[in-house]
2 protein chains.
Amino acid sequence: MGPLATADFMRKLVQSTPAARDQDHMPVFVHSVPQIPDRSESFLAGSDAPWPFLLSGLRILEAAGAGAIAIPCNTAHLWHARLAAATDLEVLHIGSATSEAVTSHPARLTRVGLLATSATIQGRIYHDALCAAGVDVIVPPAQHQTERVMAGIAAVKAGDLAAATSLLRLAAAQLVDDGAQGVILGCTELPLALDGQSSDVPLFDTTHLLAAACIAWWSRSKAEQLRSESFSS
Amino acid sequence: MGPLATADFMRKLVQSTPAARDQDHMPVFVHSVPQIPDRSESFLAGSDAPWPFLLSGLRILEAAGAGAIAIPCNTAHLWHARLAAATDLEVLHIGSATSEAVTSHPARLTRVGLLATSATIQGRIYHDALCAAGVDVIVPPAQHQTERVMAGIAAVKAGDLAAATSLLRLAAAQLVDDGAQGVILGCTELPLALDGQSSDVPLFDTTHLLAAACIAWWSRSKAEQLRSESFSS
């Protein structure tokens, strides 16, 4: 939903695709309409204001011929179940893709830190799946959540990446001090500020992991098409 | 049409927009379907193969509610006049945006170099407007055009930016040696390889200039809407 995060998602989608020429890349339709009300503020205020915008975007992508839907915004996944129920298309889930990467990490992580919007935390987008898999999720204390994480996300949205990087590095370091063996960048604005930053623990880039899930979907979808063509011929 | 160039265009669009929050950004629909046949090969072979793909993309963007069309691919502008004739929407022109930037450059350039696909050169996307404005356009000799420019563009499309950068730096330097006072990066793959490279002469980034033209269109369009709302109230 953040337009810079959407551009970052597209770049990661292209750069994660094995391709030798344009035609090897996945066809993509993008509906980037940042006039949608803030997802985190709406959820915390008990407002459903983003929903009509999400549904309208879904219908436009369906009409354009999309075969699956990806939403490069973690907080918007608070509406994922309703979107998935409103369409026959597969709606990929950024939290599932990331939780799988966390639980299958070779270091067998038992405690991860979560940097995300306050709504993503309160809505338990990561907590439920990871707790069920035996992974503890820790989050910044309330004051850091406001002054570092939410302020850092707002700085990315305002185009001030330098300010965002210094705030978010502090927030990530505190989670590691508190025992996090890995940190989930659970908002797609975060990799924009933290890409290329060194870290003592693995950082889980949810933008990249959603892109990888798209490419996996596309491979499955091409394989199924080939199978059905070979049956019908 | 190159998907990495499309992602770069989106990033430049966002980063060129004065905005403090998501909602200040322009709504954008993207139709990135790289299965379209190669524009340069088709034009040079006298083939119209890209046309149905371009027209289908136009119709999908019209249906999604687009107010103007931008095509972040210089070579596809060989079909610009036909696209513009096929729609009521304004179809921005990357070559016009760039030619204006060249002719209004404070250094009063009289000779510029053009790095572009062979089709963009033969189709005179830049030559006609610039010659009419009294600016000479020089291009690489045929062997460099093939072995440096076209090979460099193909390297970007294959994701090998390091190889592309070294080939394209050589091509740009040769144009400067031949008297170019500025160099047009007349293919949207080129800024991906040359962004951030130092240069003795101004480099005209056509991706950035098309993004700027979009933002100017959007400002005009918002101003017109405000005017018409104040008349009708």
Side-chain angles (χ1 to χ4, degrees), chain A residues 1-41 50 53 56-57 59-66 72-73 75-76 153-161 188-189 192 211, chain B residues 1-41 50 53 56-57 59-66 72-73 75-76 153-161 188-189 192 211:
Chain A
M1 309 287 146
L4 196 57
T6 301
D8 186 46
F9 173 69
M10 285 197 69
R11 183 176 66 81
K12 287 172 176 164
L13 200 55
V14 176
Q15 292 189 328
S16 306
T17 305
R21 50 185 199 131
D22 286 353
Q23 290 75 15
D24 296 339
H25 284 275
M26 191 184 334
V28 179
F29 305 112
V30 182
H31 176 267
S32 175
V33 178
Q35 282 64 37
I36 183 171
D38 188 276
R39 280 72 58 208
S40 191
E41 285 174 17
F53 289 79
S56 152
R59 295 293 177 240
I60 287 173
L61 294 172
E62 283 176 332
C73 169
T75 316
I153 292 170
V156 173
K157 289 181 183 293
D160 188 353
L161 293 185
T188 53
E189 262 74 31
L192 290 158
Chain B
M1 309 287 145
L4 196 56
T6 301
D8 186 45
F9 173 70
M10 286 193 70
R11 183 176 65 81
K12 287 172 177 165
L13 201 56
V14 176
Q15 293 189 325
S16 306
T17 304
R21 49 185 201 133
D22 286 354
Q23 289 76 14
D24 296 338
H25 285 275
M26 191 184 333
V28 178
F29 306 111
V30 182
H31 176 267
S32 176
V33 179
Q35 282 63 37
I36 183 171
D38 188 275
R39 282 69 60 206
S40 191
E41 284 175 17
F53 289 79
S56 151
R59 295 292 177 241
I60 286 173
L61 293 171
E62 283 176 332
C73 169
T75 315
I153 292 170
V156 173
K157 288 179 184 293
D160 188 353
L161 293 184
T188 53
E189 261 75 31
L192 290 159

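Here is the naming used below: chain letters follow the sequence lines, and residue numbers restart at 1 for every chain.
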Interatomic distance, B:Thr75 atom OG1 to B:Glu41 atom CD [nearest 0.5 angstrom]
11.0 Å
Heavy-atom distances under 4.5 Å only: say whether A:Pro37 touches chain B with side chain, backbone, both or neither.
backbone
Hits for salt bridge (charged side-chain N to carboxylate O under 4.0 Å, His left out) against A:Glu62, two or more places apart or cross-chain, chain-then-number order -> A:Arg59
So, the part of B:Val33 with a heavy atom under 4.5 Å from chain A: the answer is both
I'd like to know which of A:Arg21, A:Met26, A:Gln23 tops the heavy-atom pair count under 4.5 Å against chain B.
A:Gln23
Given a strict heavy-atom distance threshold of 4.5 Å, which part of B:Ile36 is in contact with chain A: side chain, backbone, both, or neither?
backbone
For the student: nearest non-hydrogen atoms of A:Lys157 and B:His25, plus distance:
O-NE2, 4.1 Å
Which side chain to side chain donor-acceptor pair (under 3.5 Å) pairs, counting each pair once, include a residue from residues 26-40 of chain B, with sequence neighbours left out?
A:Asp22-B:Arg39
Tell me, side chain or backbone of B:Leu4 under 4.5 Å from chain A's heavy atoms, or both, or neither?
both
Heavy atoms of B:Leu192 and B:Val156 approach each other most closely as CD1-CG1, 3.7 Å
Note: vs chain A, highest number of non-hydrogen pairs under 4.5 angstrom among B:Pro34, B:Ala7, B:Ala158 is B:Pro34
So, the part of A:Ala64 with a heavy atom under 4.5 Å from chain B: the answer is both
Let me know if B:Arg11 has heavy atoms under 4.5 Å from chain A in its side chain, its backbone, both or neither.
both
Pairs of heavy atoms under 4.5 Å with chain A: top-ranked of B:Ile60, B:Val28, B:Asp8:
B:Val28
Would the distance check show the side chain of A:Thr188 and the main-chain N or O of A:Pro72 forming a donor-acceptor pair, the cut-off being under 3.5 Å?
yes
To the nearest 0.5 Å, atom SG of B:Cys73 lies from atom CZ of B:Phe9 at 12.0 Å
